[in-house]
Amino acid sequence: NPRAGEVDSVDYYFYSKEEFKEKKETCAFVEYNEYDNNYYGTPYSEIEKYSSSTPLFLIVDTHGMMSIMRKYPLSTSVFLVPPSIEELEKRIQTREANTTEEIERRIKEAHRELKNSDWYDYIVKNTDVEECVDELEKILRKRLEENGVL
């Protein structure tokens with residue numbers, strides 16, 4: 001379900017579970033996963049809209065990243081790590097969008113994902129938003145220069 005202010009086909013595509021399962025069965029997703037009784041995925045159609053020289057950013061979990069890397073081996077992966085689990089929990093609580101049980105599940109999942117962070121090309125600590133964006137920009141610029149795009 002959309003969060004407050006999110007718009008279908010602008011922020012994300014919101015499907016019913018039945019629609020999502022249909023799309024999954026027809027291999028419409030580059031990657032997909034079920035998390036906390038919700039389905040998440042990246043449609044091929046979204047990636048195919050862009051030329052191969054256009055940088056794309058996909059926000060996915062470690063499961064999704066592995067699927068993308070198998071299908072697009074020249075991709076660059078970046079793991080955004082919170083300053084601490086306590087800070088992550090505080091950020092989730094501040095959103096006021098999750099129950100206590102959901103927060104506990106998210107923190108448990110964060111622990112699992114942190115164990116897999118060494119699978120990534122880069123790890124960026126998300127302490128300060130501006131610093132995090134600057135670091136991501138440096139990584140992108142470096143990769144574009146290496147590939148002759150810049």
Side-chain angles (χ1 to χ4, degrees), residues 1-83 87-107 109-110 112-114 116-117 119-144 147 149-150:
N1 291 326
R3 292 182 187 138
E6 290 180 337
V7 178
D8 186 32
S9 302
V10 174
D11 299 296
Y12 300 99
Y13 294 96
F14 297 97
Y15 304 117
S16 69
K17 288 187 179 184
E18 294 74 28
E19 289 172 314
F20 192 96
K21 287 177 182 177
E22 277 180 36
K23 289 185 177 297
K24 185 175 83 168
E25 289 171 10
T26 61
C27 299
F29 295 111
V30 175
E31 60 82 29
Y32 61 87
N33 202 5
E34 181 180 356
Y35 173 72
D36 206 19
N37 204 27
N38 288 299
Y39 292 94
Y40 299 87
T42 304
Y44 276 106
S45 60
E46 284 303 297
I47 291 175
E48 293 166 353
K49 285 200 268 188
Y50 302 95
S51 76
S52 61
S53 63
T54 302
L56 298 176
F57 290 89
L58 303 176
I59 300 171
V60 297
D61 63 2
T62 53
H63 173 82
M65 185 274 297
M66 293 303 289
S67 295
I68 289 168
M69 295 303 282
R70 278 193 296 278
K71 294 169 185 165
Y72 299 97
L74 298 178
S75 298
T76 300
S77 59
V78 180
F79 188 91
L80 296 181
V81 63
E87 177 63 21
L88 176 62
E89 188 169 355
K90 180 180 163 190
R91 290 175 183 182
I92 294 169
Q93 289 171 343
T94 301
R95 294 181 197 155
E96 298 180 351
N98 300 95
T99 66
T100 302
E101 294 79 21
E102 289 169 335
I103 292 170
E104 287 173 9
R105 285 193 299 271
R106 290 184 67 132
I107 296 303
E109 181 65 13
R112 186 194 67 75
E113 293 219 343
L114 284 166
N116 299 324
S117 63
W119 297 349
Y120 289 75
D121 299 317
Y122 298 90
I123 297 174
V124 175
K125 188 177 260 189
N126 185 8
T127 302
D128 175 81
V129 173
E130 289 180 22
E131 289 176 15
C132 186
V133 169
D134 288 345
E135 187 64 28
L136 290 170
E137 184 180 0
K138 287 178 192 172
I139 292 167
L140 174 61
R141 188 169 302 284
K142 176 182 178 212
R143 294 296 291 159
L144 292 174
N147 290 301
V149 177
L150 282 181

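Just so you know, these numbers come straight off a predicted model, no measurement behind them.
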Quick one: are [X] and [Y] in side-chain contact, heavy atoms under 4.5 Å?
X: K17; Y: N37; result: yes
X: I68; Y: L58; result: yes
X: M69; Y: D121; result: yes
X: L88; Y: I107; result: yes
X: Y120; Y: T76; result: no

Once rounded to the nearest 0.5 Å, what's the spacing between atom [atom1] of [X] and atom [atom2] of [Y]?
X: T100; Y: R105; atom1: OG1; atom2: CZ; result: 10.5 Å
X: E48; Y: S45; atom1: CD; atom2: OG; result: 7.0 Å
X: K24; Y: Y32; atom1: NZ; atom2: OH; result: 5.0 Å
X: E109; Y: H63; atom1: CD; atom2: NE2; result: 11.0 Å
X: E89; Y: I103; atom1: CD; atom2: CD1; result: 6.5 Å
X: N33; Y: D61; atom1: CG; atom2: CG; result: 4.5 Å

Next on the checklist: Please evaluate residues V78 and I123 with respect to the criterion side-chain contact (heavy atoms from CB on, under 4.5 Å), reporting the C-alpha separation (whole Å), side-chain torsions for both, the decisive distance (0.1 Å), and the verdict.
Outcome noted: CA-CA 6 Å; V78 180; I123 297 174; over 6 Å; no
Checklist entry - Can K21 and E18 be counted as an ion pair, charged N to O under 4.0 angstrom? => result no
Next on the checklist: For K125, give me all partners under side chain to side chain donor-acceptor pair (under 3.5 Å), at least two apart in sequence or on another chain.
Outcome noted: none
Item to check | E87: partners by side chain to side chain donor-acceptor pair (under 3.5 Å), with sequence neighbours left out | outcome: R91
Next on the checklist: Taking atom CZ as the centre, does R3 end up with more than 12 heavy-atom neighbours from other residues, nucleotides or ligands that are less than 6.0 angstrom away?
Outcome noted: no
Next on the checklist: Is it true that, when you exclude F20 itself, more than 12 heavy atoms of the residues, nucleotides or ligands shown sit nearer than 6.0 Å to its CZ?
Outcome noted: yes
Ignoring hydrogens and angles, tell me if any N or O in the side chain of [X] forms a donor-acceptor pair with the backbone of [Y] under 3.5 Å.
X: E102; Y: T99; result: yes
X: D8; Y: F14; result: yes
X: T26; Y: E22; result: yes
X: K71; Y: V30; result: yes
X: E31; Y: T42; result: yes

Checklist entry - Between Y72 and Y44, what is the ring plane arrangement, given parallel below 30°, perpendicular above 60°, and tilted in between? => result tilted
Next on the checklist: With side-chain contact (heavy atoms from CB on, under 4.5 Å) as the criterion, how do L56 and I47 come out once you've worked through the C-alpha distance, each side chain's angles and the decisive distance to 0.1 Å?
Outcome noted: CA-CA 8 Å; L56 298 176; I47 291 175; 4.1 Å; yes
Would you tabulate the side-chain donor-acceptor contacts of residues 129-139 under 3.5 Å, counting partners in other chains and residues two or more places apart, or write 'none'?
from: E137; atom 1: OE2; to: R141; atom 2: NH2; distance (Å): 3.2

Item to check | Derivation and outcome, side-chain contact (heavy atoms from CB on, under 4.5 Å), residues T62 and R112 | outcome: CA-CA 9 Å; T62 53; R112 186 194 67 75; 3.3 Å; yes
Item to check | Full working for side-chain contact (heavy atoms from CB on, under 4.5 Å) between Y122 and K142 | outcome: CA-CA 12 Å; Y122 298 90; K142 176 182 178 212; 3.2 Å; yes
Item to check | Pair Y40 + Y12: ring centers closer than 6.0 Å | outcome: no
Checklist entry - Which atom names give the shortest non-hydrogen contact between S16 and E19, and what distance separates them? => result N-OE1, 2.7 Å
